[in-house]
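Whatever order the structure lists ligands and atoms in, that order sets their numbers, starting from 1.
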Amino acid sequence: MTVTDASAASTTTRTGGYLSIRQITSRYAGGGGVTDVSLEVARGEMLVLLGPSGCGKTTLLRAIAGLARPDQGRIWLNGADVTDVPAAKRHVGMVFQTWALFPHLSVAENVAFGLKMRGVPKPDVAPRVAQALEMVRLGDFAGRYPRQLSGGQQQRVALARAFVTEPALLLLDEPLSALDRRIRMQLRTELRQLQRELGLTGVFVTHDHGEALALGDRVAVMDTGRIVEVGTPREIFTRPRHRYTASFLDVGNIIDVSLVDDAGDRAVLRTAFGSQVETAVPEGARAADVAAVCLAPGAVGITPVVEATATGADETMPGRIVSLEYEQATLLCGVRLDGIDEQVHSAQPVHRDDLRLGQQVRVSFDWSSSFAVLG
Ligand SMILES: Nc1ncnc2c1ncn2[C@@H]1O[C@H](COP(=O)(O)OP(=O)(O)OP(=O)(O)O)[C@@H](O)[C@H]1O
């Protein structure tokens with residue numbers, strides 16, 4: 001096996017993407033790891049790996065970085081098979097959750113470190129460091145030491161240190177998760193702008209939906225070491241294909257269904273509430289594989305029952321309010337349906353003041369906006 005430096009590699013070898021992860025399996029002795037993961041990342045694209053703690057995101061990132069050799073599979077970068085290329089020669093920039101700056105070096109020296117290691121001529125170092133610090137808006141902090149910076153500023157230095165070497169690939173492992181919410185939101189916007197401006201290709205690991213939506217050109221959803229689905233943030237958040245994704249992203253009510261009629265790309269389904277719904281079958285799947293329908297809380301209506309209208313002969317269902325929670329601009333109302341062991345959520349305007357815990361209501365469903373998900 002020839003060991004190649006990815007940054008100097010020929011781009012003539014055909015690969016699917018700029019970064020091509022092909023059937024990577026990397027398991028730990030005690031269980032855990034990733035199994036048969038394949039992903040393609042285009043040049044200039046930011047791919048987000050999204051999944052709960054322990055699903056294998058860091059394991060995959062470490063394999064891409066060259067910090068751990070996978071048990072099986074190959075990794076191609078910029079036209080070269082880098083599976084056996086040591087981490088230091090892959091020309092990959094990494095930023096982690098904890099920013100591990102050198103405490104005894106100034107901000108400028110921290111950023112310069114990678115350039116010096118790569119043998120960048122001395123006269124070129126200072127202007128590149130200055131430019132990188134300007135990019136992360138820390139131009140005035142060059143002479144400070146890490147201990148004199150806030151957490152958000154330290155993470156900016158870590159980003160500058162990763163950008164400054166113009167890496168072939170930027171790998172980010174929950175780089176914002178240790179920061180408070182306001183700084184996190186601000187930094188993620190800045191990070192996205194920088195990544196776009198510089199045309200950097202990146203893989204960003206997070207368990208935070210908002211971060212995935214804000215940062216990713218595409219999002220790969222992971223569950224116990226496997227990729228469940230890959231799509232644009234819009235696809236993943238508005239039309240997830242799988243129940244797992246819908247549930248992880250909390251897209252709304254997920255209601256079990258059974259198949260009544262299979263019409264190829266459309267299916268007639270009976271919900272666990274007894275309603276009949278016709279929806280499109282997810283592309284490339286069979287009607288028989290549809291496991292549930294998703295219905296946003298905004299498509300569930302509730303009307304308090306007044307004695308006189310207690311028995312509705314319409315399409316509504318009786319239920320009782322079991323939770324009332326404020327979520328930003330919405331009052332999220334949990335209703336347990338009478339007679340069946342099912343709970344639904346309805347989104348109501350925050351100013352609605354006629355709803356009480358324990359109150360009897362009638363629930364209506366606008367199934368026209370529902371969509372089917374696979375098991
Ligand atoms: N060095 C190791 N030895 C043994 N098991 C490990 C090791 N590193 C990770 N694991 C296990 O492999 C699984 C995947 O871990 P990994 O760190 O890749 O997940 P993750 O999605 O990045 O999680 P988190 O978001 O918590 O960082 C977990 O079950 C973990 O306990």
Non-hydrogen side-chain atoms of Tyr326 and Leu332 separated by less than 4.5 Å: no
Answer yes or no for atom 31 (O) of ligand 1: protein heavy atom present at a distance under 4.0 Å? no
Is the closest protein non-hydrogen atom to atom 11 (C) of ligand 1 under 4.0 Å? yes
Flag the pair [X] and [Y] as a salt bridge only when some basic side-chain nitrogen lies within less than 4.0 angstrom of an acidic carboxylate oxygen.
{"X": "Glu342", "Y": "Arg336", "value": "no"}
{"X": "Arg192", "Y": "Asp217", "value": "yes"}
{"X": "Asp261", "Y": "Arg270", "value": "no"}

Polar proximity ligand 1 side, His207 side, N/O cut 3.5 Å exclusive: no
Non-hydrogen atom of Arg62 closer than 4.0 Å to ligand 1: no
Of all protein heavy atoms, the one nearest atom 1 (N) of ligand 1 is Tyr28 CE2, 3.7 Å
Looking only at protein heavy atoms, identify the closest one to atom 26 (O) of ligand 1 and say how far it is in Å. Ser53 OG, 2.6 Å
With respect to atom 27 (O) of ligand 1, which of Val34, Leu50, Leu61, Thr58 exhibits the smallest heavy-atom separation? Thr58
Out of Gly32, Gly30, Gly54, who gets a non-hydrogen atom closest to atom 14 (C) of ligand 1? Gly54
Between His209 and Phe248, is the ring centre distance below 6.0 Å? yes
Which heavy atom of Ala347 sits nearest to which heavy atom of Gly298, and what is that distance? CB-N, 3.8 Å
